[in-house]
2 protein chains.
Amino acid sequence: MAHTIKDVSRLSGVSTATVSRAFSNPESVREATRAKVMEAARILDYQPNAIAQSMARQTTEHIAFLICKHDSSILDEFYAGICDGIMRVTKDADYRLLVSTADDWGSTRRNQVDGVILGGSATVGMISGYVRQNTKIVLVNHELGGFDFPRVVSDEQTGVRMAVEHLISRGHRKIAMLAGRFSPYICEVRFNTFCSVLKEHGLPIPDRYVRICDPNIPDAERQAERILIQQDPPTAIFGANDVIATGAMKAAIRLGRKIPDDVAVIGYDDSRVCEALEPELSSVHTDCTRMGELSAKLMLDLLSGNKPEKNRFVIEPKLVIRGST
Amino acid sequence: MAHTIKDVSRLSGVSTATVSRAFSNPESVREATRAKVMEAARILDYQPNAIAQSMARQTTEHIAFLICKHDSSILDEFYAGICDGIMRVTKDADYRLLVSTADDWGSTRRNQVDGVILGGSATVGMISGYVRQNTKIVLVNHELGGFDFPRVVSDEQTGVRMAVEHLISRGHRKIAMLAGRFSPYICEVRFNTFCSVLKEHGLPIPDRYVRICDPNIPDAERQAERILIQQDPPTAIFGANDVIATGAMKAAIRLGRKIPDDVAVIGYDDSRVCEALEPELSSVHTDCTRMGELSAKLMLDLLSGNKPEKNRFVIEPKLVIRGST
DNA sequence: GGTTTGAATGTAAACGCTTACATTTATAAA
DNA sequence: TTTATAAATGTAAGCGTTTACATTCAAACC
């Protein structure tokens with residue numbers, strides 16, 4: 001067994017209270033005393049037991065990041081980015097980070113964390129448990145209708161608008177979209193915004209220019225091919241995300257179309273794959289690391305008892321123009 | 001404040017011991033009693049306090065995954081994969097997972113976890129602290145010379161051998177390598193194995209067929225171009241990882257070389273980018289999720305007091321042949 | 001009905017800290 | 001030196017569980 005505060009107390013000849021203070025509130029003990037304590041601790045290789053501290057202090061200095069997305073996880077580049085941002089902040093603040101993909105996480109061992117950052121689509125059911133236990137909540141990349149939790153979201157409308165208007169500014173009039181079948185809310189926003197922007201510019205959206213595909217390359221490739229081989233094909237394709245846009249590019253290349261001359265392609269997310277493609281894929285960048293950092297800072301703020309000045313933080317995406325447009 | 005076991009005890013009219021038993025050892029209390037307890041707990045919305053349990057049981061049911069790699073993190077596809085594997089297992093076993101990129105993690109709050117899985121290159125210094133505290137240790141994707149910790153590693157020699165012999169079997173005699181400058185140990189193994197396999201087959205390795213590059217696409221592209229534009233260029237390039245191989249492909253495409261006819265390219269890691277490229281990139285697949293799962297299972301084994309039958313588990317990589325070769 | 005026995009429950013001492021409050025010690029002022 | 005005051009330290013009661021041990025209860029046997 002590791003040594004306890006009592007052993008240090010005995011060896012250094014001071015009370016356990018003083019040992020405790022020497023560790024967690026050094027200014028409150030005399031220099032000489034602190035030295036004695038630390039020396040004893042060194043000899044015994046003592047470190048305060050974190051669990052006992054949590055027990056006594058009623059706080060764990062743990063927060064959790066929960067990825068609430070059906071079939072997705074830390075493997076998702078976007079959530080990994082958020083997680084990375086959260087890790088940076090929690091590390092600096094000396095908080096520990098628990099990570100889980102979670103539907104039902106809330107039901108078990110809830111009171112082990114001071115706060116939980118929910119990424120993806122949390123449900124009211126998940127959240128109510130935390131609320132009852134007074135566990136702090138921050139939402140990231142998601143809004144929960146009817147609630148005003150502190151949250152960090154990305155301005156997808158603007159992102160899509162930038163992508164589409166970029167195509168238009170390049171002279172494209174026949175623009176197709178490969179809509180997605182992944183996160184329902186996101187897919188809806190991206191498609192709806194695509195439509196409104198085109199309408200605003202007086203451009204038509206014939207049905208044959210729209211296809212819905214699964215978020216994997218082969219399906220995107222199939223659907224893109226269908227769009228491209230028709231009579232009077234579009235001169236540009238907007239993919240609902242980079243994976244889908246990648247499929248579009250592959251289809252175009254296989255059909256012998258030149259990118260961007262015969263057909264331009266743009267994606268969304270600015271994932272790593274964009275720079276790997278030839279030509280490189282234009283896309284819309286969302287700074288997910290910053291989203292993570294911001295949500296973690298919000299959480300720390302909450303935990304230190306501050307109310308943040310506002311509850312909704314919006315990250316503005318950036319258009320990244322590359323060779324594909 | 002949340003209710004405690006005492007509140008439940010009072011409301012249900014039994015002792016706290018019985019409440020505790022009703023929760024953590026249901027068979028040991030009479031059906032009727034358990035029902036009373038559970039009803040009281042339901043009314044009070046009681047849940048056992050996990051911290052107090054950890055305190056009393058002297059176990060946290062937390063394990064940590066530490067990514068010990070200088071400039072890398074959960075953003076790294078490979079470590080994300082390991083992490084995903086660990087998460088699956090810990091989730092099933094109802095353990096919580098702490099994740100951190102760590103150099104110095106060991107120094108602080110060490111005793112909050114029952115065990116730690118170290119990914120990347122842990123140092124003896126990091127480990128000694130855990131050993132003293134009797135925290136269980138498992139290594140993944142790394143060996144620690146001179147120690148025999150339970151560990152899961154990938155058989156890189158075989159992986160490289162498969163890649164190179166695949167090129168040879170395709171008739172290539174002039175094979176170049178873009179060696180890497182990332183993880184020193186890995187880079188060394190990959191390069192050395194490349195050389196020995198070529199030697200075994202009596203093939204030359206002229207200096208002009210080897211270049212070392214940083215693990216980013218632009219640099220790989222530059223170096224690959226240097227290799228390709230020389231007189232008597234290689235007919236195949238082995239990239240030390242997929243990023244580097246991607247750069248090689250881009251260089252070849254830009255130079256107007258046909259892949260795989262003018263030059264074949266193969267990578268290592270089988271990351272997501274492989275299937276995005278056109279043609280798709282052949283590579284060597286390491287099942288990192290399985291490495292994660294295995295290391296987590298090893299850890300759970302250790303924590304339940306079993307000695308694993310052996311300490312070194314080797315994952316065999318698989319060759320994935322695609323259009324680029 | 002009285003024993004015996006095993007199961008169910010209760011009592012109370014840990015687990016290793018923190019912290020309000022009490023006490024002692026050092027410092028400054030008179 | 002005495003006294004007032006502030007700083008340092010000590011005492012002991014929590015924090016919310018678990019669990020060894022003691023006690024009670026119920027069923028089964030004689």
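Remember, it's a predicted structure, so these values are computed and weren't measured experimentally. Worth knowing before you read on, the calculation uses all heavy atoms, side chains too, and leaves out hydrogens, waters and symmetry mates. Naming: A, B, ... by sequence-line order, numbering from 1 per chain.
Between the side chain of B/T33 and the backbone N or O of B/V29, no donor-acceptor pair lies under 3.5 Å.
Put simply, B/Q58 has a side-chain N or O that comes within less than 4.0 Å of OP1 or OP2 on C/dG16. One finds a side-chain N or O of B/Q53 lying less than 4.0 angstrom from the OP1 or OP2 phosphate oxygen of D/dT18.
Using a 4.5 Å heavy-atom threshold, the side chains of A/V116 and A/L118 count as touching.
Candidate nucleotides C/dG10, D/dT9, C/dA8 were compared by shortest atom distance to the side chain of B/R30, and C/dA8 ranks first. For A/S24, the listed nucleotide lying nearest its side chain is C/dT18; candidates were C/dA20, D/dG16, C/dT18. Of the candidates D/dA8, D/dG10, C/dG16, D/dG10 carries the atom nearest the A/S15 side chain, counting heavy atoms from C-beta on. If you check C/dG10, D/dG16, D/dG10 against the side chain of B/A52, the one that comes closest is D/dG16. Of the candidates C/dA20, D/dC15, D/dT17, the closest approach to any side-chain atom of A/R21 belongs to C/dA20. The side chain of A/T18 has D/dT9 as its nearest neighbour among C/dG10, D/dT17, D/dT9.
The residue among A/E27 and A/A17 whose nearest nucleotide of DNA chain D is located toward the 5' end is A/E27. Checking B/M55 against B/R34, the closest nucleotide of DNA chain C that is more toward the 5' end is the one next to B/R34.
As rounded to whole Å, 14 Å separates atom P of D/dG16 from atom CD of A/Q112. Here D/dT17 presents its C1' atom at 15 Å from CD of B/Q47, a figure rounded to the nearest Å. Rounded to whole Å, the distance from CD1 on B/I51 to C1' on D/dT17 is 11 Å. D/dG14 atom P lies 18 Å from atom CG of B/N49, rounded to whole Å. Rounded to an integer number of Å, the gap from B/R57 CZ to C/dG16 P is 16 Å. Atom-to-atom, CG of A/N25 to P of C/dC17 comes out at 17 Å; the value is rounded to the nearest Å. Per the geometry, CD1 belonging to A/I5 stands 14 Å off C1' belonging to D/dA12, to the nearest Å. Rounded to an integer number of Å, the gap from A/L44 CG to C/dG16 C1' is 15 Å.
A salt bridge is defined here as a Lys NZ or Arg NE, NH1 or NH2 lying under 4.0 Å from an Asp or Glu carboxylate O, and B/D76 with B/K69 meets this definition.
The only option from A/T135, A/I117, A/L98 that meets the side chain to side chain contact (heavy atoms under 4.5 Å, CB included) definition with A/I63 turns out to be A/I117.
Nucleic acid contact for B/Y46: sugar-phosphate only, since backbone atoms but no base atoms lie under 4.0 Å from a heavy atom of the residue.
Between B/Y130 and B/F149, the distance separating the two ring centers is not shorter than 6.0 angstrom.
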